[in-house]
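Keep in mind it's a predicted model, so treat the numbers as computed, not measured.
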Amino acid sequence: MTKAFRSADVDGPFFRVYDDKGRHRELPLSPRRSRLTIGRSPKADISLSWDGEVSRVHAVAEYLGEQWTLLDGGLSLNGTFVNGDRLAGRHPLRPGDMLRMGNSRITFHDFTEGVGGDRTKASRDGLPTPGALTSTQLSVLIALCRPLLTGADGFALPATNQQIADELFFSLDTVKAQMRALFAKFGVADLPQNQKRARLANLAIRYGIISERDL
């Protein structure tokens, strides 16, 4: 991996890059280095050299208009996927976005303090504690996060509503209602639908509200 990686806690925007053994490290992002190549080449800024399904130069992350974006632009052979959807054109990155290139996964995070919109302060102020959640909400949140905490391949996604319902023996309507309540409590209700689940799980794990000891 690029020498810019470090495992210490990171404030501000960063990529979390998972290797072929499921280990991850953080790459802090700065507008001073506004263009990063991602690919299999050892010379790429973010090198995924272990993944034969990744093109030598697979995609480019660029800082444009005060926002990080991702562009494939036909660079890759097998395509780039964001939150499960194949990337077409330039994608403005939002916290919690999950990027897939070949068999590799990168997630985008931004804990810039004092930035509004869909970004989160660099502390857990405003986030609910486990004691502020009902037992049902806590059970649903644990089930949502379980694949991310137990996945060994580094490419797990938060559990679907149906998976949560099956695990907890709840009706699907019950799970949907509890998820809506969790979205509101964690301040992610206004995010696009395809980003809420990843953002909720990311916040819960990032700030220790849910951890492996809860499983």
Which heavy atom of Lys185 sits nearest a heavy atom of Leu133, and at what distance? CD-CD2, 3.8 Å

Is [X] reaching over with its side chain to a backbone N or O of [Y], donor-acceptor style, under 3.5 angstrom?
X      : Y      : value
Glu167 : Ile164 : no
Asp20  : Trp50  : no
Arg105 : Arg100 : no

Would you say the side chain of His24 lies within less than 4.5 Å of the side chain of Arg16, judging by non-hydrogen atoms? yes

Report the residue from Val60, Leu70, Leu29 that forms a side chain to side chain contact (heavy atoms under 4.5 Å, CB included) with Leu36. Leu29

Thr174 and Ser171: CA distance, side-chain angles, deciding distance, side chain to side chain donor-acceptor pair (under 3.5 Å) verdict: CA-CA 5 Å; Thr174 295; Ser171 71; 2.8 Å; yes

Donor-acceptor pair between [X] and [Y] side chains, under 3.5 angstrom:
X      : Y      : answer
Asn202 : His109 : yes
Glu53  : Asn78  : yes
Asp72  : His91  : no
Asn83  : Asp97  : yes

Looking at Asp45 and Arg35, is there a salt bridge between them, counting it only when a charged N and a carboxylate O are closer than 4.0 Å? no

Please lay out, stage by stage, how Arg90 and Thr69 fare under the test side chain to side chain donor-acceptor pair (under 3.5 Å). CA-CA 7 Å; Arg90 187 180 298 276; Thr69 66; 3.1 Å; yes

